[in-house]
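Below: the structure, in structure tokens.
Atoms within each ligand, like the ligands themselves, are counted from 1 in listed order.
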Amino acid sequence: MSALKVVSSKLAAEIDKELMGPQIGFTLQQLMELAGFSVAQAVCRQFPLSGKTETERGKHVFVIAGPGNNGGDGLVCARHLKLFGYNPIVYYPKRSERTEFYKQLVHQLNFFKVPILSQDEENWLEYLKPEKTLCIVDAIFGFSFKPPMREPFKSIVEELCKLQDRIPIVSVDVPTGWDVDKGPISQPSINPAVLVSLTVPKPCSNHIRENFTTHYVGGRFIPRDFANKYGFEPFGYESTDQILKL
Ligand SMILES: NC(=O)C1=CN([C@@H]2O[C@H](COP(=O)(O)OP(=O)(O)OC[C@H]3O[C@@H](n4cnc5c(N)ncnc54)[C@H](O)[C@@H]3O)[C@@H](O)[C@H]2O)[C@H](O)CC1
Ligand SMILES: [K+]
């Protein structure tokens with residue numbers, strides 16, 4: 001199988017900057033809405049509710065949101081999952097004070113009655129039981145993560161690694177803790193059941209386990225000439241889909 005076309009962490013940051021620059025003019029909010037929406041679609045595609053028992057349908061999707069924009073994607077994803085009939089619950093231990101916008105995302109989750117654990121919730125692992133949890137959405141760090149990982153996320157990721165054989169993990173853009181360009185650089189590491197690369201896969205996605213991780217691309221917001229300028233072809237999304245299985 002040929003390696004996927006990928007863009008480095010540096011190029012991914014440049015793409016983001018240009019999309020939100022004066023000439024193109026997307027806002028972060030717009031891109032994040034589409035990014036989170038695509039992750040929610042990937043969860044639906046991978047874990048459909050149709051034909052499931054009441055108990056299965058009631059299981060939580062446990063969304064862990066980090067302090068940056070990857071975390072913001074997770075907050076948006078949780079809201080869409082609720083609209084799609086899922087039962088999301090959000091753990092957002094280090095809340096961004098960067099902009100008012102993150103607080104607004106939290107207000108929106110309250111509006112949708114999506115439970116958000118308190119920042120210093122000590123018993124967060126209580127919500128992670130195979131019989132109660134459909135999957136974990138890993139929205140902790142994306143393409144701006146620079147190892148080594150600091151607390152509280154170091155301990156959180158260690159716990160997730162212990163659970164991942166029993167509860168599938170859906171990683172947003174980059175499996176948390178992986179070097180964006182080099183892949184898993186320390187052990188234990190997250191091995192996601194699903195990876196949703198945003199805009200275009202990052203080099204670390206070449207290190208996913210072929211027969212274990214289902215890889216989607218999402219974040220459908222660029223035209224062909226823009227993709228070509230950055231050295232890749234646009235992805236062949238079907239119809240109104242926001243994700244494509246690679
Ligand atoms: N165009 C797109 O594809 C879009 C992608 N989006 C998502 O945004 C992230 C990148 O967001 P950014 O805010 O730049 O970075 P992160 O969320 O990855 O992390 C920043 C955050 O993390 C802290 N941090 C970094 N390293 C460490 C560490 N070792 N230990 C602890 N904390 C760390 C840092 O201080 C910041 O607070 C991308 O991956 C997509 O998921 C957008 O939604 C827009 C469109
Ligand atoms: K992530």
Ring-plane angle category for Phe141 and Phe153, please: parallel below 30°, perpendicular beyond 60°, tilted otherwise. perpendicular
Parallel, tilted or perpendicular: ring planes of Phe235 versus Tyr237, cut at 30 and 60 degrees: perpendicular
Any N/O/S of [X] under 3.4 Å from the K ion (ligand 2)?
| X | value |
| --- | --- |
| Phe141 | yes |
| Pro175 | no |
| Ser171 | no |

What angle sits at the K ion (ligand 2) between OD1 of Asp138 and O of Val172, to 10°? 150°
Using the rule given for side chain to side chain contact (heavy atoms under 4.5 Å, CB included), can you reason through Thr133 versus Lys59, listing the C-alpha separation, both sets of side-chain angles and the distance that settles it, and then say yes or no? CA-CA 5 Å; Thr133 317; Lys59 282 186 171 183; 5.9 Å; no
Does a side chain donor of either [X] or [Y] reach within less than 3.5 Å of an acceptor in the other side chain?
| X | Y | result |
| --- | --- | --- |
| Asp120 | Ser118 | yes |
| Gln46 | Tyr216 | yes |
| Tyr230 | Glu18 | yes |
| Ser8 | Asp181 | no |

Kindly determine whether Leu160 and Ile140 satisfy side chain to side chain contact (heavy atoms under 4.5 Å, CB included), including the steps that lead there. CA-CA 12 Å; Leu160 296 185; Ile140 303 178; 4.2 Å; yes
Please confirm whether [X] approaches ligand 1 to less than 4.0 Å, judged on its heavy atoms.
| X | answer |
| --- | --- |
| Phe153 | no |
| Val174 | no |
| Gly72 | no |

To which protein heavy atom is [atom] closest, and what is the distance rounded to 0.1 Å?
| atom | value |
| --- | --- |
| atom 35 (O) of ligand 1 | Arg150 NH2, 3.8 Å |
| atom 11 (O) of ligand 1 | Asn69 CB, 3.2 Å |
| atom 45 (C) of ligand 1 | Leu31 CB, 3.6 Å |
| atom 23 (C) of ligand 1 | Phe141 CE2, 3.8 Å |
| atom 14 (O) of ligand 1 | Ser144 OG, 2.6 Å |

Please classify the [X] to ligand 1 contact at 4.0 Å (heavy-atom distances, strictly less than): side chain, backbone, both or neither.
| X | answer |
| --- | --- |
| Asp73 | side chain |
| Pro148 | backbone |
| Asp173 | side chain |
| Leu198 | both |

Heavy atoms of the protein only: does one fall short of 4.0 Å from atom 25 (C) of ligand 1? yes
Spatial distance of atom CD (Gln41) from atom CD (Gln242) [nearest 0.5 Å]: 5.5 Å
Got more than 12 heavy atoms from elsewhere within 6.0 Å of CZ, Phe212? yes
Please identify which of these residues, Asp179, Val174, Asp173, meets the side-chain contact (heavy atoms from CB on, under 4.5 Å) condition with Cys204. Val174
